[in-house]
Amino acid sequence: MKKHLYLLMLTMIIVVSSELQVPAMMPEMAQDLGVDTGKIGLLVSLFALGMALGGPVIAYALRHRPPKHALLTVVAAYAVPEMLVPAVHGYWWVVLMRIVTGCLAGAAVGLSIVYATRLAPSTDKIGEAVSIVLSGIMVGTVIGLPVSHFIAGRWNWQATFYILGAAALAVFVVSLLTLAPRSAASADDNAQDLRNLRLPRLWSRYLVSFLTIGAAYAAFSYFTPLLEASAGFSADATTLILLAYGLCSLVGNLIAGKLADKHAVGVLRFGHGLLVVSLGVLALAGQFQPLVLTMVLIVGLAGVTMNPPLVTRVVEVGGNGNLVSTFHTSVITLGITAGTAVSAFVISIFGDDPATAMWTGSAFALLAAAVLALQVNRTDPRSATAAGEKSGNALQPEELCTQGAELPATSDIL
């Protein structure tokens, strides 16, 4: 069973690496395509928008297909626009290809998770199966950006697209030959948690997730020009710093995951405070290399690593059903889109200076902290049960146990 799950994990690594390849080589792409870095940053937003909006549409269209057929269709199609980007030398054609790639990437993530649940040998092993697949997100985060930056520095930015497209085709061939088939799933699996989406408290917690992840990506998308143009680090040094950033994200994610169940609000408050301070320092003192290095690593520890407590707070109110979780993922993706888009807009107004992106991220973090402070209701382990009772969809004790067993595995990554 695990060898099939590791194949799905490889799909996740490729998808995340594709999402992070543009932030890793923004100066090179901007110079070659004849645009400023703000417009290149917009490619990150459009990719995330495709994931949030187009991914569910593609997954819905393939809902009657067996999971293997549906996933491999998406993986094979994904390779095409990925390898077309360097061949269509023109900014707006690149925009189109990144939107299409984002849509297919969003579908690949959703279908891989569904497939993992179908490959689990029993219901009490679903959490373990999903956690193996979703670990590809963290691995892709650690290696995707620095590897893309290294390839662009050694050869050119076009090479990263060819390599990832070829990797997708390789995963497609291996999966076609070895991935275990499963029958098509029923269409009404997510109906049970539909009513929970009407809860205002759930959407207020979605808003905190939106602003928190938006804060991290508003700044993160412009780390490469900040490190090279502002701080004066070499291309090789920037690669190492970005790798260290990814490792800090992995460590921070594990720490936040350990604390999320009992101290979700406290972890978020601490993380928001670190983001506000560290991004403010990067904006004010972007020329001082030791300070920049320290602050970038702090952002790695306290940025996207706040996902576990965000997921914990959502599950407390709405449970961890498919629809609630899927909407949460889409909200987070839209937060990425909003953060990078606002940064791109601000840079286009105030000049091609990555410091403005740091201020944008700091402002998002302040808003997230303010919204969190305004939420009167504090974490209550019984919230999920109450939410289910209000929606006519009460969770039974054995269901709570099952979901509680799955939560630590999935919350470490989503």
Side-chain angles (χ1 to χ4, degrees), residues 23 38 41-42 44-46 48-49 51-53 199-223 226 249 252-253 256 260 263-284 286 295-296 298-314 316-318 327-350 353-379 414:
L42 187 60
V44 181
S45 303
L46 294 174
L49 185 63
M51 287 189 69
L53 302 181
L199 296 172
R201 289 179 63 213
L202 176 63
W203 286 94
S204 70
R205 298 190 179 200
Y206 280 167
L207 179 58
V208 174
S209 299
F210 174 90
L211 293 170
T212 302
I213 303 304
Y217 270 84
F220 168 73
S221 299
Y222 293 88
F223 272 2
L226 175 79
S249 296
N253 185 75
H263 309 286
V265 173
V267 171
L268 288 174
R269 285 174 174 168
F270 185 69
H272 291 151
L274 284 180
L275 276 181
V276 171
V277 173
S278 58
L279 293 179
V281 171
L282 286 174
L284 291 171
M295 294 301 106
V296 166
I298 289 176
V299 174
L301 288 170
V304 294
T305 58
M306 284 191 280
N307 267 314
L310 293 174
V311 173
T312 298
R313 296 189 76 240
V314 165
E316 286 171 352
V317 173
F327 268 81
H328 191 210
T329 302
S330 294
V331 167
I332 287 175
T333 306
L334 288 174
I336 297 172
T337 304
T340 53
V342 172
S343 285
F345 177 73
V346 172
I347 284 177
S348 68
I349 293 177
F350 294 100
D353 184 358
T356 59
M358 305 304 112
W359 284 124
T360 303
S362 185
F364 265 75
L366 273 175
L367 286 173
V371 173
L372 180 64
L374 290 173
Q375 293 174 357
V376 178
N377 294 324
R378 292 295 181 258
T379 302
L414 288 178

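Position 1 is the first residue of the sequence; numbering continues from there.
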For the residue pair F223 and V296, establish whether any side-chain heavy-atom pair is separated by less than 4.5 Å. yes
Note: I347 and A357 closest approach over all heavy atoms is CD1-CB, 4.2 Å
Between M295 and S278, what is the shortest heavy-atom contact and its length? SD-CA, 3.6 Å
How many angstroms lie between NE2 in H272 and CG in L366, if you round to the nearest 0.5 Å? 10.0 Å
Y222 side, atom OH; D353 side, atom CG - distance, nearest 0.5 Å: 12.0 Å
What are the two closest non-hydrogen atoms of V267 and M306, and how far apart are they? O-SD, 4.2 Å
Correct closest heavy-atom pair for V265 and L372 would be O-CD2, 4.2 Å
Quick check: does any side chain N or O of S343 sit under 3.5 Å from a backbone N or O of A218, one acting as donor and the other as acceptor? yes
Assess whether side chain to side chain donor-acceptor pair (under 3.5 Å) is satisfied between R201 and Q375, documenting all intermediate values. CA-CA 9 Å; R201 289 179 63 213; Q375 293 174 357; over 6 Å; no
Step by step, work out the side chain to side chain contact (heavy atoms under 4.5 Å, CB included) result for L301 and L274. CA-CA 9 Å; L301 288 170; L274 284 180; 5.9 Å; no
Excluding sequence neighbours, so at least two apart, what forms side chain to side chain donor-acceptor pair (under 3.5 Å) with S209? H328
How about L207 and W203: do any of their side-chain heavy atoms sit closer than 4.5 Å? no
In chain order, what residues pass the side chain to side chain donor-acceptor pair (under 3.5 Å) check against T340, with sequence neighbours excluded? S45
Test W359 against every option in L279, L282, L284 by the side-chain contact (heavy atoms from CB on, under 4.5 Å) rule and name the one that passes. L284
Are the side chains of L334 and F210 in touch, meaning some heavy atoms are under 4.5 Å apart? yes
Looking at side-chain heavy atoms only, is the closest gap between L310 and I213 below 4.5 Å? yes
I need the minimum non-hydrogen distance between A215 and A365, along with the two atoms involved. CB-N, 3.5 Å
Taken to the nearest 0.5 Å, the spacing of I332 CD1 from T212 OG1 works out to 9.0 Å
Looking at side-chain heavy atoms only, is the closest gap between V317 and Y206 below 4.5 Å? no
Write down the atom of S221, the atom of P23, and the distance for their closest heavy-atom approach. O-CB, 4.0 Å
Full working for side chain to side chain contact (heavy atoms under 4.5 Å, CB included) between F364 and L275: CA-CA 9 Å; F364 265 75; L275 276 181; over 6 Å; no
Is any side-chain heavy atom of L374 closer than 4.5 Å to a side-chain heavy atom of V371? no
Keeping S362 on the side-chain end and M358 on the backbone end, is there a donor-acceptor pair under 3.5 Å? no
